[in-house]
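Okay, structure first, notes after.
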Amino acid sequence: GTPHHAPPAAALQPCRSDASAGTGTAAATEIDRLLAAGFDDAELAQLLAEGLDCNYLPANDGLTNAAWLGTVRDGLRTSA
């Protein structure tokens with residue numbers, strides 16, 4: 001897909017508005033598992049692009065993929 005150049009929070013807004021509290025908590029737990037798996041940043045980039053069809057590029061905002069996923073996880077927990 002085409003890279004998404006919106007700010008990180010904007011990239012998450014559709015997910016936050018559609019997710020129930022239980023879904024957000026479950027997704028945050030899955031992100032914890034993903035981050036604990038020990039993937040390097042290149043592997044996380046490939047997973048985000050190919051496995052999850054994520055068009056947002058954290059590097060465009062000066063973030064590593066792991067840092068962005070941590071932000072996503074924290075945002076999901078906050079909105080849950």
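Given the structure is predicted, the values throughout are model-derived calculations rather than measurements.
Among the candidates Asp32, Thr64, Leu44, the single residue satisfying the side-chain contact (heavy atoms from CB on, under 4.5 Å) test with Leu69 is Leu44.
Note that CG of Leu48 and OH of Tyr56 are 10.5 Å apart. Values are rounded to the nearest 0.5 Å. Rounding to the nearest 0.5 angstrom, the gap separating the OG1 atom in Thr25 from the CZ atom in Arg73 is 13.0 Å. Rounding to the nearest 0.5 Å places CH2 of Trp68 at 12.0 Å from CG of Asn60.
Within the 3.5 Å criterion, the main-chain N or O of Asp40 finds a donor-acceptor partner in the side chain of Glu43.
Contact annotation: the side chain of Asn65 never approaches that of Leu47 to less than 4.5 Å [non-hydrogen atoms, C-beta and beyond]. Considering only heavy atoms from C-beta on, Arg77 comes within 4.5 Å of Thr29 through its side chain.
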